[in-house]
Trainee: 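Please read through the structure below; I'll follow up with questions.
What you see is a predicted model, and the numbers here were worked out from it, not measured in a lab.
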Amino acid sequence: MKTIILRLMLSGAVAFAAACTSTKSPKAVAASKPTVVKAATSKAAPAAKTGTDELDDYAEASVADPLEPFNRIMFKTNDCLYLVIFRPISKGYEFILPKPVRKGIDNAFENVKFPVRFVNSALQGNFKRAGQETGKFLVNTLGGVGGIFRLSDKVPSLVNIPAEDLGQTFAKWGIGHGPFIVLPLLGPSTVRETVGLAGDYALNPVNWGLFWHGGGDWEHDWTIIPPSANTLRSLPDQLEKYDAATKDAVDPYISARSAFIQNRAEAARK
């Protein structure tokens, strides 16, 4: 058994190395060159920016990236991992489970994240939204078979409630992003968002079993199943967002960084 595992690990390492050292695509080659922004030669006047556009530009410009050399290495490493490991797993998950089943699984896991949304709504002083989150949780849990079905979508007052997280709470408190950083596997983040992510992880009941015992207690291996399943079910959506941010980009790193910062700025405004 150990021999089989070692062979699988070796095969994975070879595939990973091959993907990372393969001939660069035109996009990757363009990304490796310095980006030169040329002035537009068209005589047409540039379109006026809206207030939202200006806020997005300000949010992006206000985030420092002193770790860019390290971040680019980590970004490339993550990209290889997505290609060699996580994208095939995601495709397999989508192939095995039909979309309605995947939707029900997503609904159930999102419903369980109620403490994250409730606590952060309360921390922001938005008690109305905290009450709406409570109502949505009760409706979906009791009437939607543990949240598999989102019955709350049929209740006007509970539809399209923006999900709150700790990163948004910090933003509402006036705490700045801090330096931009690319996390292993998780991708683009900032110091503020990383701390927020850790707090939300602890608030999510899906992960609570991991805190019940020491890492060496093999009798409780079942506790890794919920967080592992949560990661698996979220892969298709996360990879879709990653592709949307980097597809056809001259510099995928810059594109992903910009998309992350602007998305977080938009989330904090809601």
Trainee: Once rounded to the nearest 0.5 Å, what's the spacing between atom OG1 of Thr169 and atom CZ of Arg192?
Mentor: 10.0 Å
Trainee: Please tell me if the side chains of Asn107 and Glu110 come closer than 4.5 Å, counting only heavy atoms from C-beta onward.
Mentor: no
Trainee: Of the non-hydrogen atoms in Val63 and Ile261, which two are nearest, and what is the gap between them?
Mentor: CB-CD1, 3.7 Å
Trainee: Below 4.0 angstrom, N of the basic side chain to O of the carboxylate: do Glu164 and Arg117 qualify?
Mentor: no
Trainee: Are the side chains of Asn207 and Thr223 in contact, using a 4.5 Å heavy-atom criterion?
Mentor: no
Trainee: Would you kindly confirm whether Val119 and Ile175 end up in one hydrophobic cluster when ILVMFWY residues are joined by side chain heavy atoms under 4.5 Å apart?
Mentor: yes
Trainee: Can you tell me which residue among Lys270, Gln262, Arg269 is in a side-chain hydrogen bond (donor to acceptor under 3.5 Å, both in side chains) with Glu266?
Mentor: Arg269
Trainee: Decide whether Asp65 and Tyr253 meet the rule of one side-chain donor and one side-chain acceptor closer than 3.5 Å.
Mentor: yes
Trainee: Do you know which two heavy atoms are closest between Leu151 and Asn140, and how far apart they sit?
Mentor: N-OD1, 3.0 Å
Trainee: Taking atom CZ of Phe86 and atom CG of Asp79, what is their separation to the nearest 0.5 Å?
Mentor: 12.5 Å
Trainee: Take Ser121 and Asn126 through the side chain to side chain donor-acceptor pair (under 3.5 Å) test and state the conclusion after the steps.
Mentor: CA-CA 5 Å; Ser121 293; Asn126 196 334; over 6 Å; no
Trainee: Does Gln132 reach the side chain of Lys128, with side-chain heavy atoms less than 4.5 Å apart?
Mentor: yes
Trainee: Please report the closest heavy-atom contact between Phe109 and Ala229, naming both atoms and the distance.
Mentor: CZ-CB, 3.8 Å
Trainee: So, Arg129 and Glu133, do they make that salt bridge, N to O below 4.0 Å?
Mentor: no
Trainee: Given 3.5 Å as the limit, does a donor-acceptor pair link the side chain of Asn78 with the main chain of Leu185, or not?
Mentor: yes
Trainee: Same cluster or not: Val112 versus Phe149, using hydrophobic residues (I, L, V, M, F, W, Y) connected whenever any side-chain heavy atoms lie under 4.5 Å apart?
Mentor: no
Trainee: How close do Ile181 and Asn71 get, counting heavy atoms only, and between which atoms?
Mentor: CA-OD1, 3.5 Å
Trainee: With a 4.5 Å heavy-atom cut-off, do Thr190 and Phe260 have their side chains touching?
Mentor: yes
Trainee: Given side-chain contact (heavy atoms from CB on, under 4.5 Å), test Phe180 with Leu67 step by step and report yes or no.
Mentor: CA-CA 7 Å; Phe180 179 77; Leu67 303 175; over 6 Å; no
Trainee: Should Phe114 and Asn204 count as side-chain neighbours, where that means a heavy-atom distance under 4.5 Å?
Mentor: no
Trainee: Heavy-atom distance under 4.5 Å between the side chains of Arg264 and Gln168, does that happen here?
Mentor: yes
Trainee: Measuring from atom CD of Glu68 to atom CD1 of Ile73, what distance do you get when rounded to the nearest 0.5 angstrom?
Mentor: 11.0 Å
Trainee: Tell me whether Asn120 contacts the main-chain N or O of Leu166 through its side chain, where contact means a donor paired with an acceptor under 3.5 Å.
Mentor: yes
Trainee: Are there over 12 heavy-atom neighbours, none belonging to Glu240, within less than 6.0 Å of that residue's CD?
Mentor: no
Trainee: Please answer: with hydrophobic residues joined when any side-chain heavy atoms are less than 4.5 Å apart, are Val101 and Ile89 in the same cluster?
Mentor: yes
Trainee: Rounded to the nearest 0.5 Å, how far does NZ of Lys91 lie from CD1 of Ile96?
Mentor: 14.0 Å
Trainee: So which atom in Tyr93 and which in Pro236 form the shortest heavy-atom distance, rounded to 0.1 Å?
Mentor: CD2-CG, 3.9 Å
Trainee: Take Lys103 and Leu97 through the test side-chain contact (heavy atoms from CB on, under 4.5 Å) and record every step on the way to the result.
Mentor: CA-CA 10 Å; Lys103 180 63 175 176; Leu97 297 181; over 6 Å; no
Trainee: In Å and rounded to the nearest 0.5 Å, what is the OG to NZ distance from Ser234 to Lys241?
Mentor: 9.5 Å
Trainee: Thr231 side chain to Pro227 main-chain N or O, any donor-acceptor pair under 3.5 Å?
Mentor: yes
Trainee: Between Tyr242 and Tyr82, how do the two ring planes meet: parallel, tilted or perpendicular, split at 30° and 60°?
Mentor: perpendicular
Trainee: Indicate yes or no: at least one non-hydrogen side-chain atom of Phe137 is less than 4.5 angstrom from one of Asn111.
Mentor: yes
Trainee: Taking all heavy atoms of Arg87 and all of Leu239, pick out the closest pair and write down the distance.
Mentor: CA-CD1, 3.8 Å
Trainee: Is the closest basic N to carboxylate O distance between Arg102 and Asp106 below 4.0 Å?
Mentor: no
Trainee: Same cluster for Ile85 and Val182 if Ile/Leu/Val/Met/Phe/Trp/Tyr side chains link at under 4.5 Å?
Mentor: yes
Trainee: If you measure from CG on Leu183 to CZ on Phe75, what distance do you get to the nearest 0.5 Å?
Mentor: 13.0 Å
Trainee: Just by distance, with hydrogens left out, do Thr194 and Ser189 show a side-chain donor and acceptor under 3.5 Å apart?
Mentor: yes
Trainee: Give the cluster check for Leu123 versus Val116: same hydrophobic cluster or not, with ILVMFWY residues linked at side-chain heavy-atom distances below 4.5 Å.
Mentor: yes
